[in-house]
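Quick notes on the structure that follows.
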2 protein chains.
Amino acid sequence: MYTYEYPRPAVTVDLVIFTIRDGRLQILLIRRGEAPFKGRWALPGGFVREDEDLEAAALRELDEETGVRDVYLEQLFTFGEPQRDPRGRVITVSYFALIASDRQVLRAQTDAAEVQWFPADEPPALAFDHRKILDYALERLRNKLEYTTVGFQLLPRKFTLTELQQVYETILGRELDKRNFRRKVELLGILEETDEKKMEGVHRPARLYRFKARQFEKLKDKGILFPF
Amino acid sequence: MYTYEYPRPAVTVDLVIFTIRDGRLQILLIRRGEAPFKGRWALPGGFVREDEDLEAAALRELDEETGVRDVYLEQLFTFGEPQRDPRGRVITVSYFALIASDRQVLRAQTDAAEVQWFPADEPPALAFDHRKILDYALERLRNKLEYTTVGFQLLPRKFTLTELQQVYETILGRELDKRNFRRKVELLGILEETDEKKMEGVHRPARLYRFKARQFEKLKDKGILFPF
DNA sequence: ACAAAAGTGTTGAGAGTACACCCATGC
DNA sequence: GCATGGGTGTACTCTCAACACTTTTGT
């Protein structure tokens with residue numbers, strides 16, 4: 001058995017957990033109960049355990065805060081500036097997660113005053129360098145939206161085309177043409193019609209669709225295929 | 001001052017250093033002199049120092065192995081499987097670097113038998129999980145080539161259009177149409193003609209061009225702009 | 001004069017964008 | 001019957017892809 005004689009930083013994972021709520025892109029934040037940054041909002045996260053894979057640590061934190069599993073999770077970036085944590089050297093591996101809009105139930109035990117959703121584009125002041133992490137996550141999400149199907153991870157299993165379009169409009173921050181959007185989605189061949197209709201609204205019911213691909217899909221054959 | 005009571009993994013950086021040599025995409029590898037994997041080839045890398053930023057550590061390793069600075073460097077992914085290093089818990093932050101083809105001089109002190117370039121698509125057996133890191137770097141490089149100007153980082157400051165095209169063909173692994181390629185590059189407006197010509201060849205000399213943008217540039221306004 | 005790489009335009013097909021009206025339902 | 005969101009087609013423009021010959025130089 002060999003050992004190392006090198007300084008060992010602490011390693012954490014931090015999560016940017018996105019969902020769509022009230023027609024806005026929102027993120028989950030936790031209010032810190034301890035110094036430093038006591039009382040400030042921060043990204044959920046925590047230390048990586050001794051024999052725990054990084055992604056496993058991220059999934060564990062996600063489960064602890066939201067009770068949700070089986071969500072889209074992607075490693076984002078690793079931040080390691082020596083001064084990013086006033087307590088000492090802490091390197092953090094950041095992840096972003098997408099929660100479907102019908103699964104955003106928080107843990108029963110969580111105190112609503114301490115765990116809350118905030119609009120991603122108007123977050124409160126954040127602890128540490130979490131604002132930088134958030135900004136990076138937003139940029140990545142917007143980019144990926146254009147050439148992958150990540151967007152579908154934010155919707156329930158069955159959804160209307162208008163709901164899908166709203167996800168894209170919300171994240172991209174601009175309006176899309178309804179007819180062009182629908183033609184494009186159909187052309188991609190990634191949706192399945194169901195026989196059901198959404199009867200909630202007061203007006204004409206919309207047909208519900210289901211996403212065909214299992215989890216996630218790159219959308220390029222030659223060049224890009226999702227430039228709405 | 002606060003301290004943590006958590007296990008601390010060792011943290012390293014590993015580099016996938018690309019260049020174009022003999023018309024092929026190649027990577028720099030180092031032969032390990034110690035167990036584990038003694039005698040195997042491995043990616044250059046090393047431990048992150050106590051008060052050293054991650055990117056600074058990557059730049060330091062790069063300088064130590066190649067004597068090169070001011071190159072394109074990008075964080076790739078952080079690998080942290082508990083069993084990836086038999087000596088204990090080691091988390092590695094991987095980077096990829098692009099070295100211009102006229103700057104691939106190795107450190108004078110390096111022993112040629114211990115530091116060598118290898119074709120990126122036919123590497124020797126690698127230590128640890130370095131093959132996985134290499135594969136990931138290759139995938140990322142190919143993707144970025146299509147919507148950014150990273151490819152220019154592999155060329156000298158002045159280059160011919162044919163050389164530029166060969167970089168793209170080499171990395172993408174397919175042939176491109178000369179006329180379409182040139183029209184596209186011209187349309188992007190990122191090159192500057194020089195008055196010089198490359199007189200090396202035996203035949204008609206080619207005009208030399210210079211890359212306008214300082215370092216690196218995203219190439220999308222609406223959708224992708226670089227789908228050669 | 002010849003070998004070799006440099007350089008240069010046109011055409012057809014497909015995708016993106018802009019744009020306006022009828023339909024189905026609840027009240 | 002009316003208010004509201006659901007649903008549908010066409011025309012123009014622009015970019016992509018395929019394709020072959022002339023030019024310039026060294027030997």
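Proteins come first, then strands; the chains are lettered A, B, ... in the order of their sequence lines, and each starts at number 1.
Computed from coordinates, the Glu175(A) CD to dT17(C) C1' distance equals 15 Å when rounded to whole Å. In this structure, Glu196(B) places its CD atom 17 Å from P of dA6(C), rounding to the nearest Å. Look at NZ on Lys198(B): it is 19 Å from P on dA4(C), rounded to the nearest Å. The nearest whole Å value for the distance from the CZ atom in Phe181(B) to the P atom in dG7(C) is 13 Å. With rounding to whole Å, Glu146(B) atom CD is found 14 Å from dC16(D) atom C1'. Rounded to a whole Å, the CG atom of Leu176(A) is 19 Å from the P atom of dA15(C). Between Asn180(B) atom CG and dG12(C) atom P there is a gap of 16 Å when expressed in whole angstrom units. With rounding to whole Å, Lys184(B) atom NZ is found 14 Å from dA18(D) atom P.
The closest donor-acceptor contact from the side chain of Glu163(B) to the backbone of Thr160(B) lies under 3.5 Å.
Within the 6.0 Å centre-distance limit, the rings of Phe37(B) and Phe128(B) are counted as a close aromatic pair. Ring centroids of Phe181(B) and Tyr168(B) are separated by less than 6.0 Å, placing the two rings close together.
Base engagement by Arg183(A) is indicated by at least one non-hydrogen atom pair under 4.0 Å involving a base atom. Thr162(B) comes within 4.0 angstrom of the backbone, heavy atoms only, and of no base.
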What string of B, S and - do you get for nucleotides 22-27 of chain D 5' to 3' if you count protein non-hydrogen atoms under 4.0 Å?
-BBBS-

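The side chain of Lys178(A) approaches dT8(D) more closely than any other nucleotide in the set dA18(D), dT8(D), dG16(C). Among the nucleotides dT8(D), dT8(C), dT10(C), the one closest to any side-chain atom of Arg179(A) is dT8(D).
Of the candidates Val167(A), Thr19(A), Leu141(A), Leu172(A), Leu141(A) is the only one forming a side-chain contact (heavy atoms from CB on, under 4.5 Å) with Leu25(A).
For Phe79(B), the ring-ring contact (aromatic ring centres under 6.0 Å, His included) test picks out Phe77(B), with sequence neighbours left out.
Pairs of residues two or more places apart, or lying in two chains, never qualify as salt bridge (Lys or Arg N to Asp or Glu O under 4.0 Å) while including a residue from residues 147-156 of chain B.
Salt bridge absent: Arg210(A) and Glu193(A) never bring a charged side-chain N and a carboxylate O closer than 4.0 Å.
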